[in-house]
Amino acid sequence: MIKNYQKLAIVGEVGSGKTQLIRTISDISPFETDVQSSVDIGKEFTTVGIDYGRLMLDSDMALGLYGLPGQKRYAFLWDMVNQGLWGLLILVKHGTGFNAEMFESILGHFRSPQSYTPILVGISHCEQATPQSLDAMISAIEHSLCSHAIVAPIIPIDPRDIESSLILLELFDSLNSASQEATPDESV
């Protein structure tokens with residue numbers, strides 16, 4: 001029986017690996033809202049709603065995996081999962097240039113000054129990246145994070161690889177533990 005349910009929002013641009021990440025780590029057959037793309041986006045299908053998967057972290061704790069499109073027009077979907085998040089994973093696709101406007105929009109929507117929700121940025125599609133191009137992307141991401149006074153780990157990931165994907169969860173677990181230790185006890 002599930003006694004503790006947590007939510008991980010996975011947001012990012014088209015083709016960044018949100019659906020694939022959920023497929024890789026979900027214990028259940030994921031619910032996907034992919035449709036055939038009517039324009040050339042570099043892939044045949046695209047997500048038009050929420051992808052959902054679930055991962056049992058132990059016998060009574062489950063993690064809901066919510067894959068959300070990164071475009072601002074889907075902000076109503078963001079609102080549906082924004083309460084009580086265990087973590088926010090923003091996926092950025094290497095090789096297409098950093099979309100600072102989309103990134104800033106996501107940060108502004110999900111992160112309030114009172115929020116202690118851990119944020120992690122994963123850079124996907126970086127297997128062929130040069131150290132210089134990866135460093136440039138990381139610098140651009142850091143600049144955007146700093147403009148929102150956010151400190152967040154930025155790591156290259158492969159959403160197709162189970163080990164790479166599970167490292168994200170371990171990192172979120174560490175960030176949540178650190179956040180709980182740093183958050184003042186409101187019952188005092």
Side-chain angles (χ1 to χ4, degrees), residues 1-13 16-34 47-70 74-93 103 106-124 126 141 145 148-188:
M1 174 183 232
I2 298 172
K3 294 179 183 177
N4 190 357
Y5 182 82
Q6 299 290 327
K7 296 185 297 185
L8 174 64
I10 305 165
V11 187
E13 60 194 306
S16 60
K18 302 175 298 289
T19 300
Q20 182 59 56
L21 179 72
I22 292 171
R23 284 182 193 146
T24 299
I25 63 175
S26 181
D27 288 339
I28 62 171
S29 181
F31 173 76
E32 298 175 10
T33 58
D34 286 356
T47 302
V48 294
I50 296 176
D51 287 341
Y52 176 78
R54 187 189 72 215
L55 178 64
M56 293 301 294
L57 299 177
D58 62 37
S59 62
D60 65 348
M61 182 176 175
L63 180 63
L65 309 166
Y66 294 84
L68 304 163
Y74 293 107
F76 69 97
L77 295 173
W78 299 352
D79 289 337
M80 292 173 62
V81 299
N82 195 14
Q83 298 301 313
L85 286 177
W86 182 73
L88 171 65
L89 171 61
I90 304 173
L91 289 180
V92 178
K93 183 178 177 181
F103 191 83
I106 292 168
L107 290 176
H109 194 92
F110 278 92
R111 184 64 175 220
S112 69
Q114 306 89 315
S115 174
Y116 295 104
T117 301
I119 297 174
L120 196 145
V121 180
I123 302 175
S124 63
C126 54
I141 293 168
L145 290 169
H148 288 267
I150 296 172
V151 176
I154 305 166
I155 62 169
I157 66 151
D158 182 350
R160 302 165 300 182
D161 180 71
I162 188 79
E163 289 181 28
S164 178
S165 299
L166 290 177
I167 286 172
L168 296 172
L169 299 182
E170 291 174 11
L171 194 50
F172 271 118
D173 190 46
S174 295
L175 292 171
N176 271 299
S177 294
S179 176
Q180 289 174 359
E181 290 173 11
T183 305
D185 185 0
E186 296 175 7
S187 64
V188 176

Does R54 offer a backbone N or O that forms a donor-acceptor pair with the side chain of S26 under 3.5 Å?
-> yes
Start with the C-alpha gap between L21 and I10, add the side-chain angles, then the distance that decides, and say whether side chain to side chain contact (heavy atoms under 4.5 Å, CB included) holds.
-> CA-CA 9 Å; L21 179 72; I10 305 165; 3.8 Å; yes
Heavy-atom check, side chain of L68 versus side chain of I50, under 4.5 Å = yes
Taking every heavy atom of I22 against every heavy atom of Y66, the minimum-distance pair comes out as CD1-C, 4.2 Å
H109-D79 side chain donor-acceptor pair, cut-off 3.5 Å | yes
Could you give all pairs that pass the salt bridge (Lys or Arg N to Asp or Glu O under 4.0 Å) test and reach residues 150-166, with sequence neighbours left out?
-> E127-R160, D158-R160
Does any non-hydrogen side-chain atom of V11 lie less than 4.5 Å from one of L88?
-> yes
Enter the distance from L63:CG to I25:CD1 here, rounded to the nearest 0.5 Å.
-> 7.0 Å
Shortest non-hydrogen contact from S164 to I157?
-> OG-CA, 3.4 Å
Has M80 got more than 12 heavy atoms of other residues, nucleotides or ligands less than 6.0 Å from its CE?
-> no
Rounding to 0.5 Å, atoms CG (N4) and CG (L57) come to a distance of 9.0 Å
L91 and S16: which non-hydrogen atoms are nearest, and at how many Å?
-> CB-OG, 3.6 Å
So F110 and W78, would you call those rings parallel, tilted or perpendicular, with 30° and 60° as cut-offs?
-> tilted
For the residue pair L175 and I119, what are the closest heavy atoms and their distance?
-> CD1-O, 4.0 Å
Measure the shortest side-chain to side-chain distance between L120 and L168 over non-hydrogen atoms and say whether it is less than 4.5 angstrom.
-> yes
Within the side chain of E13, is there an N or O that forms a donor-acceptor pair under 3.5 Å with the backbone of K93?
-> yes
Find out whether V121 and P153 are in side-chain contact, i.e. whether some heavy atom of one side chain is under 4.5 Å from a heavy atom of the other.
-> no
Close side-chain approach of L8 and Q6, heavy atoms under 4.5 Å = no
Does F172 reach the side chain of L89, with side-chain heavy atoms less than 4.5 Å apart?
-> yes
Mind checking whether N82 and T117 have side chains closer than 4.5 Å, heavy atoms only?
-> no
Between G17 and P159, what is the shortest heavy-atom contact and its length?
-> O-CB, 3.6 Å
Rounded to the nearest 0.5 angstrom, the CG-CZ distance for L65 and R23 is 13.5 Å
To the nearest 0.5 angstrom, please state how far the CG atom of L169 sits from the CG atom of L55.
-> 6.0 Å
Are any side-chain N or O atoms of D60 and backbone N or O atoms of I2, one a donor and one an acceptor, separated by less than 3.5 Å?
-> no
Any S124 side-chain heavy atom under 4.5 Å of V92 side chain = no
With a 3.5 Å cut-off and no angle check, do the side chains of T24 and Q20 form a donor-acceptor pair?
-> yes
